[in-house]
Structures are given as structure tokens and as C-alpha cells.
Amino acid sequence: MVNAEDWKQEQERLDLVTEKLEERIAELDPEVTGLQGQVTDIRKQFWEEVTVNTSTDEDFEETFYSIRQQEAILSERERSYRGRVQQWKNMKRLLSSPYFGRIDFHEDGLNFTEQVYIGVASFVDSDGMSFLVYDWRTPVASMYYDYSPGAAGYDTPGGTITGEMKLKRQYQIRGGQLQNVFDTSLTIGDELLQQVLGKGADNQMRSIVATIQKEQNAIIRDDKSRMLIVQGAAGSGKTSAALQRVAYLLYKHRERLKADQIVLFSPNPMFNSYVSTVLPELGEENMQQTTFQEYLDHSLGRKFRLEDPFDQIEYVLAEQSTQAYKARLTGIHYKSSVDFLQALRNYAQWLEQEGMLFKSIRFRERDLISAGQMESKFYSYDPSIRMTNRIAMLQEWLLRELTLLENKEREAVWVQDELDYLDKDQYAEVYQKLHKERGVFDFAEQYEEAREIIQGELRSDEGDFDYAEREETLLRRMIVKEQFIPLKRSVKRMLFIDMAQLYVQLFENGDAFKKMTNGADIPSLWPEICEQTKDKLGRLELFYEDATPYLYLKELIEGVRTNTEVRHVFVDEGQDYSMFQYEFLKRLFPRARMTVLGDFGQAIFAQATELYGEDSPLIRLYGESETTLFRLVRSYRSTREIVEFTKYLLPNAQEIVPFERRGRKPLFSNVGSGEKRAARIAEHLMALQAEGLTSIGVITKTAAEAKDAYEILTSQGCQGLKLVTKNTPTFEKGILIIPVYLAKGVEFDAVLIYDASSQTYHLESERKLFYTACTRAMHRLLLFATGEWTPFIQALDTSLYEVEDIPSTFQDK
């Protein structure tokens, strides 16, 4: 804490800034209201101010420039309005807590020391020159995060500024009142961080700008890497740093980067709601948020019923005793691998020489253009032409052929039959076209007249113009054209390529696979994997592990669909993506930089990708020279006791460093039966709520177990329980019953592991799943079991946890 004199000066300075903020807000209030009214009036009167006259070239030009002038006025007013509203919002946001940090910096070569106060937005004095508050994203503010008092510097577009930091100070301000002031030699003083981390969990993620650590600041401000990989321990703040990174990028590149040019791929829809308030809290619009599954559904959902990653992991966790399990698991690993990625590339090259499969274009139960004709045409092109270009050439040929066939089809017998059943609108349409050709246009009785013409009851008396014959020709053309529109549309959508069978062809047998993929190695149980894949596709369904390879092969053949507008792609829980998915994202967003956040210690999905290390395929995606790796080993989420417990659950997690926030050790409770376990959990839930904990997670292994837990706890009288499923749209406070794979990325005041017995967690492949569940806890971790504890716990030092003294009523007699 600072001395009394410093405190007085700081309070006076805070009062001054608050007063100026209030004055500025009062000035902006009428401006914002007035500009809004002007914009509304201009929009309403837009066409009233413009006289549209196109009689002559001069009139047309005058009208054009009049519209452009009105458009420019409206655009200028809207820009002015948006600017004023943004200023107004920034001032409002600063009012309750104008700043959280200060540095005193003496720049080399100058004879004065500048006091730099740092907040969530900039605030300039009325002279337009003096910064009362600097935005945390400004270059000068970076020193607050990166340096202790002493030699310091920061980068600017004009070069590096060096000097000496004389002082670093941190504030807690609420409602315009000074609560705490700390002088520190660290980036963030332990006192402030202790208070922030000691709070309860929220139903939405909070901004961390006041507590950004040096290593997180390096991630936020990295502006050079094409691929930025953040491997962070559970609770290390990697997702928070990524969201502040988005805010920083939008600030630094505000003239050319917009929020809708940034895409975040989240682990599930519920996570989107969890992080949705961070950027607005910092005065920025939210970026686009989606999941990879939503993209798969958009691309393939019309043709196939897709398995999602949560159905896949439910199978992996719950179907271990089934006969098909081992082959399925082997297939998941192989279809997510770099080996299969290369096999598909080789397969596409083989298809350039032979083996392409097409679907005949059929019309009225006959082939107009057969699959054989397409194959012959495709392989008649120069073999040196790339696959995608040859497909485009074939597409153009098909459209030309369909136009010729459409012309011939007008004389078919079926067309005459259709003529007899035309409706009123069709007759009227043709009648209008005919009269335009003759220079005559009369709407009266056009329908009846057109019918009489077709039926031969009227004859043309206007020289050589054969009215009835021309009418029939137009009607035949219209009938056939309408029937051929779907055929041409299907060609434009590349539906003449038999993509499903091209993918199935890979899984005929091992010898054929080797031939088509240039001798690619195949995994064990290949015949069983092939049968499972073909059976699924035969029902127009796709395993989750097949969806991205299928799309990848589709684009190798048809050409890549790209989005060149997106500039930054963020992937959260990046360890759960396959290399196919990363390769696909790279191709989909060719002009984007990628930021991948994850923890291989939480790689609970079978298609996991190693994020770091020499063997990481991610580093090879853009090349080592364009890739930067950050490793965050300090965990801030949980108390020291919980971190010390969880880090020994993994064999290579001893490097994790807990933040020095003390709490209770994890509590083990072993009861006699499932019903008694539920009763004991119910008692603990009531006790935790009585302590004031408002966010509690009862974490299960699977969705089925979550449903059972919800029902039995409800029967025990627990109130306010919420069952979370893969379709739950928002993350809420209260007591959530949730499977572990949906709890990734979120945190709770207290976590209760519903069943930590060896019966539920016994396979080595489930170790990371169990670790993930335990690391969701901020303040309290309680584990329950009936019978023997999971072997992951049995191997731990008993000093890391406490064992509850179970009342006799919960014991077996």
C-alpha cells in the first residue's frame, strides 16, 4: 500500500478525471441524440431530395450525381454518429473505473518523466493533446505488462523508444472511488491478482486487461506470426489472452480490420455464450463465432446425416465392450492422421489417370448423358492439366451438351402433352412476349386469346407472321427450359461427380487401397474398418472422423472454396482437431493468420493433434519460420492445493506452476452405494451453496451418466439442478450436471466428480479425461466413489488430498 500523502494525491487525481469524464459525457449526450435524429431524417428524406429523371443523357447524369451527393451526406452523418457513440460508450465504461495501472516513464533524451495512466480506453483532455488515460493496447502501455521499474522500452511504428520506468502502480477503483493502490516490482502484484482470482466464477468470461501477465502480453501483441500456437496448462489464461488478442488486433489495425474478418472456432455452442461479453466489455464488436461441426453441417448436411464429435466421444467412452469397438477406434486414429491425409492426396493423383466415377444425367427415366460418356470426355483431356481444371472443362462441356439436348427435346411427344395442361400465368407470359415482338401490347383478354391461338381457333392475318406457330414454339421452349433448369443447376453444383462412391472406392479392400494411394500403409483391422465405413455411407451417414476427409477429397477433385475476407482464425481447444481439419482451415482461409490454443494434457478426443514438439504436424502446416510457439505453465484458475493434486494426475505435468492462492485440499468421499453417494452429494451441494458458492459443476464421464445423475439427485430433493447437453445454448450459474467433454474451457467455484471409481475411470486412455474434469474447479474439488478409487488416484501421494470421515448412515452395514 502507498503512504497517506500518495493516497491523497491519487484520490484528487481520480476525482479530477471523473469530473472531466462526466463533463465530456454531458457534452456528448445531445450530440449523440441529435446525430441519431439527423441520420434517421436523412434516410427518410433520401428520395424526397432526389429528382429521378432519365429522359436524356444529361438528365441521367444529373440524377446520378444527385443520388451520390445524398449518399455521401448520409454516409458522413453515419460515420460521425458512430464515432460519437463510440466515444460516448468509452466514457461511460471508464466512469466507474477510469484506469487500473500507472507507470512513470522517463524517455531517453527528454528532461521530464511522464505519468502514464492505463485503462480499457483512451481519454484525452479538452485540449486534445493531453492523455488523461491511455488505452491498454497503445504501444506505451505495453511496458506496464512487460517491465519492472528500471530500464524499459516499447516499439512504435517509428522505432523503439527506450528509457527508464521510475514507478509502476496498480489500482482498484469501484464506482469512482479508490479502493486499493499498490506499488509493485512485478507485472501484476500478488495482492491485486489474489483478489481477482479469489472471486467466484461467472456465467460469462471476464476481461483480464488489468491482470495480464508478461507471457500473456507477448501472445496478445504478436503481430508477425502466420501460425501462433499457445500450449497452456489448464487455467493458464490462454483463452482469455486470445480474446484480449482479438481486441488488440481490432485496435491496432482499426482502419483495415473489422470484427467480421475474425473467426473463432469454439469447442461447442455453449462456449460461444460463455465468451460473448469479453469484447463488448472492451468496446469492440464480437468476432464471428462458430464450431467446426456447424461448418460440416453447412457443407454436407443436405446429403448426409453427420455424427458430431460428442456422439463420437460418447461411443468411445461407453461402447468399449462391443465387438466393433477396436476397429472403430483404430479407424478414428487412422482417418485423423497425416498418413491418411497423404493417402488422399495420392488417391487424387491416381484419379487423374483412372478410376473417376460420375453419375449419369437422367431425364424422364432415360440417360441424357451417361457416366461412361463423362468418363471418356474427362480422360480425353491433356493428362498434364490439373484435376480441378479438367473437372471445370467437363462441367462446361456438360452445360453445352445440355443446351443442345434441350433444343432437341422441344419436339418430343411429352411436350405436346404438357401443352394441354398449361396454366393461366404461362399462357399470359407467352402472349406478352409475342405481342412485344409484333409491337402490339394489349392486356385485355390475353389469356383467352392465347388459348384460342394454341387451339387453332384464331389465325394470323398479319402477313408472314405466323402467330399460332410462333406461340407454340415459345410455349415448347418454356416447357422444356423449365424441366432442364434442375439439370443445369446440378451440373453447376458438381453433382455429376459421384463423390460418395469415390470415397467408398477407397475402402473396397487392402490391395485396391494400396494401388490407389501409391502404396500407402494401412492400419490393422482394415477389413473391419472398410465394412464399418461402407455400411455408414450406405445409409447416407458419415462418421465424424470421415466428414473432414470426405470434404478434403471433394475439394481435391472439385477445387477449393475459399474465403479471402477473413484475416484471423482462432481455434480454441486446438488439441482436439485433426490434421485434416487444420489443413482444411488453411485452405478455406488462405489469407488468414491462425492462432491455436490448447492443452495436450486435455486431449480427450481420439483425433487429438500434438500442439508442440519436433513431431508436431502443426509446426509443419505453415513452416517453422512462420510459426511461433508459446508455452504457458502457470495455472491461475485453481487454488494451489487443487493444482498440486491435478498436476500429478498426468505423467508429464510436473512443470505446471500453481499461483500462490491457498485453499482446501481435494476431498475424497467413498460411500456404500450409488443411492447413498447421491444422498451424500446432495448434502455437499447444500453446504457449498450455504458457503456462498454460486457456480457448481457436478461432472460426469458421459452424457448418459449425467442424465442418471440428474434424475437421482432430483429424487434426493436437490433444487435448481440444470442438466447440460450438447444442445444447451448458454452457460448459466447454478448447479450444472455436465459431461466432462462439454465442461472444457469453463470453470466452476466448486466441482464434484460424480464417480471417481475404477469402474468408471480405469483405462489409461481416460486419464486426460479425468484430469480435465478435476481442473475445472477454482476453489473446491470433491470426488465421490463407491468401491475402489480410480487407479489415477491410487498412485498419488496421500498428502495431496483429504479423506472424508463418512457418517455411518452412508456406510454399508
Side-chain angles (χ1 to χ4, degrees), residues 290 292-307 344 347-348 351-352 355-381 385-409 478-506 536-542 546-566 580-581 583-585 587-590:
T290 186
F292 198 83
Q293 184 65 27
E294 287 173 336
Y295 183 78
L296 293 176
D297 286 332
H298 171 75
S299 302
L300 298 172
R302 284 182 296 183
K303 183 175 179 62
F304 298 105
R305 190 172 71 84
L306 304 180
E307 179 186 56
L344 282 191
Y347 179 46
L351 290 173
E352 291 180 348
M356 271 299 295
L357 300 173
F358 299 99
K359 290 188 285 190
S360 298
I361 298 176
R362 293 182 59 78
F363 181 70
R364 302 184 75 85
E365 300 183 354
R366 72 183 193 275
D367 288 350
L368 283 182
I369 306 174
S370 70
Q373 288 175 281
M374 295 183 211
E375 184 181 2
S376 297
K377 189 67 178 177
F378 177 79
Y379 286 116
S380 72
Y381 297 132
I385 300 174
R386 292 176 57 192
M387 162 75 80
T388 53
N389 291 338
R390 278 196 268 172
I391 288 293
M393 293 166 66
L394 180 62
Q395 184 186 48
E396 291 174 6
W397 176 77
L398 287 171
L399 291 172
R400 290 195 302 270
E401 286 296 300
L402 283 175
T403 299
L404 295 174
L405 291 166
E406 179 184 336
N407 294 338
K408 292 179 183 179
E409 197 68 24
M478 180 181 67
I479 290 167
V480 176
K481 181 179 181 180
E482 187 175 321
Q483 295 284 325
F484 268 63
I485 285 174
L487 301 180
K488 291 182 178 180
R489 187 183 298 126
S490 69
V491 170
K492 291 176 182 177
R493 292 171 55 195
M494 300 284 190
L495 299 183
F496 60 90
I497 303 171
D498 197 344
M499 275 306 310
Q501 285 306 308
L502 281 171
Y503 193 72
V504 167
Q505 187 170 254
L506 273 169
K536 194 77 169 173
L537 276 162
R539 300 195 302 271
L540 292 181
E541 298 175 355
L542 274 178
D546 281 307
T548 311
Y550 183 97
L551 264 183
Y552 185 73
L553 177 62
K554 192 172 188 286
E555 296 207 345
L556 286 175
I557 293 170
E558 297 178 3
V560 180
R561 291 166 176 79
T562 61
N563 182 323
T564 57
E565 292 298 312
V566 170
F580 272 102
Q581 291 167 316
E583 186 71 33
F584 200 82
L585 291 174
R587 292 157 65 94
L588 179 61
F589 304 109

### Task
I would like to know whether Y381 and N389 meet side chain to side chain contact (heavy atoms under 4.5 Å, CB included); could you show each step before the answer?
CA-CA 10 Å; Y381 297 132; N389 291 338; over 6 Å; no
Salt bridge (Lys or Arg N to Asp or Glu O under 4.0 Å) against [X], all qualifying residues, sequence neighbours excluded:
| X | value |
| --- | --- |
| E294 | none |
| D367 | R362 |
| E555 | none |

According to side-chain contact (heavy atoms from CB on, under 4.5 Å), who are the partners of [X], at least two apart in sequence or on a separate chain?
| X | value |
| --- | --- |
| S380 | K377 |
| A500 | K303, F304, D498, Y550 |
| L351 | Y347, M356, M387, L502, Q505, I557 |
| A392 | none |

Residues in side-chain hydrogen bond (donor to acceptor under 3.5 Å, both in side chains) with [X], at least two apart?
| X | answer |
| --- | --- |
| N563 | none |
| R386 | none |
| S490 | none |
| R587 | none |

### Message
Suppose the criterion is salt bridge (charged side-chain N to carboxylate O under 4.0 Å, His left out): which pairs have a residue in residues 390-408, not counting sequence neighbours?
### Response
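Qualifying pairs: E406-K488.
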### Message
Just to verify, which of F358, W397, F496 counts as forming a side-chain contact (heavy atoms from CB on, under 4.5 Å) with I369?
### Response
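The option that passes is W397.
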### From CA spacing to verdict: side chain to side chain contact (heavy atoms under 4.5 Å, CB included), M494, Q395
CA-CA 8 Å; M494 300 284 190; Q395 184 186 48; 3.8 Å; yes
### Query
Are R366 and E409 ion-paired here, with the side-chain N under 4.0 Å from a carboxylate O?
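Answer for the salt bridge query: yes.
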### Query
Between T290 and Y295, does a side chain to side chain contact (heavy atoms under 4.5 Å, CB included) hold up when you go through it step by step?
CA-CA 8 Å; T290 186; Y295 183 78; 5.6 Å; no
